[in-house]
Amino acid sequence: MKKLFSKFRHEQPLQEEQSPAISFPQLASFSSLQEVKKRATVGWIASRLAAMLEMNGVYKETLFYFAFMTQPLDETIDKESREILQLAESAVDWLEKNAVVEEEIKRLALSTSYHTNLSLVISEVQSEEDPQEDTSYKVWEVYRDVIYAATHGRFLLIDKQEIGRYKQGELLCEIEIKERKDIPKARELAQNVFDDMGLKRSKAMSYKLIISEAVTNILKHAEYGKMQIYKDEECIRMSVQDKGPGFSLKLLPQTTLMAGFSTKKSLGQGFTLMMKIAEQVVLETSSAGSTLILIVDGERDEINDQNEQQS
């Protein structure tokens, strides 16, 4: 070990027949113990993930050390090691924010091996946490995780800071909902968007149905709202936002898991219908209002594509 660190610091004179020693960047200076703990967690996740992946790179056993560096590592370590450190950084951020880890990993579109092993490593970190020290884990997060698991990921609660990531891509249409006559206008606008996209008729009808359910709910329980439809290469995201009292956290398990459950202040059977049609239902809700995002498949009708090519 002494020889190893001597080599890192260039304390041994280089012989002509030796390969040049690796030049390690300077260690960061830390102002708090919390920062040191964070870097240690990054290093542990990186080294553990590398071991589980049976990584063959020469830096596998030194990833823990690299987690404490201040300078960019572009020329210091290989590409795979850098990517593993970046994944470890992301993992620690998710843990600090109490994010839904499986959702975050899914967004990265990793290979099956990386996806599986990263999930396992993060689970190991979570299992080591002392629940007596975890004073930040709110009741809201328990509801979020339980509902997410019970619906197999089809219903996800998010906080306000996460809304922006779902409003990316091309904005296809937007309409304010202030009075009852705006509801059919919103349905027609959505239908026009689906027609322009060349969606299958059955698919477009299903999407219009759940949009109508969400928009109608605005005037039942809120002052006013807005419908927006976004499109990117992967999917369509239909966003319905309102200014109202929000959804009751205590009633969400019933409204999302029990078909037909309804109260005066709930969405009735809306959520269960939405989860049958949409790939995922995302909800942000508070006493200031709610944002409901319906993520659906945006694949075009192959027949329409063929007709366009022929014309």
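Partners of R48 according to the side-chain hydrogen bond (donor to acceptor under 3.5 Å, both in side chains) rule, which considers only residues two or more places apart in sequence or in another chain, are E124. Partners of N192 according to the side-chain hydrogen bond (donor to acceptor under 3.5 Å, both in side chains) rule, which considers only residues two or more places apart in sequence or in another chain, do not exist here. In terms of the salt bridge (charged side-chain N to carboxylate O under 4.0 Å, His left out) criterion, residue partners of K38 (sequence neighbours excluded) are, by chain and number, D93, E96. E103 is linked by a salt bridge (charged side-chain N to carboxylate O under 4.0 Å, His left out) to K106, R107, counting only residues two or more places apart in sequence or in another chain. Here L189 pairs with C173, I175, M227 under the side-chain contact (heavy atoms from CB on, under 4.5 Å) rule; sequence neighbours left out. With sequence neighbours excluded, no residue forms a salt bridge (charged side-chain N to carboxylate O under 4.0 Å, His left out) with E162. Under the rule for a side-chain hydrogen bond (donor to acceptor under 3.5 Å, both in side chains), S239 has no partner lying at least two apart in sequence or in another chain. Applying the side-chain hydrogen bond (donor to acceptor under 3.5 Å, both in side chains) rule to S212 yields the partners R187; only residues at least two apart in sequence or on another chain are considered. When the side-chain contact (heavy atoms from CB on, under 4.5 Å) test is applied to S202, the partners found at least two apart in sequence or on another chain are K200. Residues satisfying the salt bridge (charged side-chain N to carboxylate O under 4.0 Å, His left out) criterion with K178, sequence neighbours excluded, are E176.
Applying the ring pair (Phe, Tyr, Trp, His ring centres under 6.0 Å) rule to pairs touching residues 160-196 yields F194-Y207, sequence neighbours excluded.
Taking Ile, Leu, Val, Met, Phe, Trp and Tyr as hydrophobic and joining them when side-chain heavy atoms fall under 4.5 Å apart, one finds Y230 in a cluster with L171.
Linking ILVMFWY residues whenever their side-chain heavy atoms come closer than 4.5 Å, directly or via other members, leaves V100 and V281 in distinct clusters.
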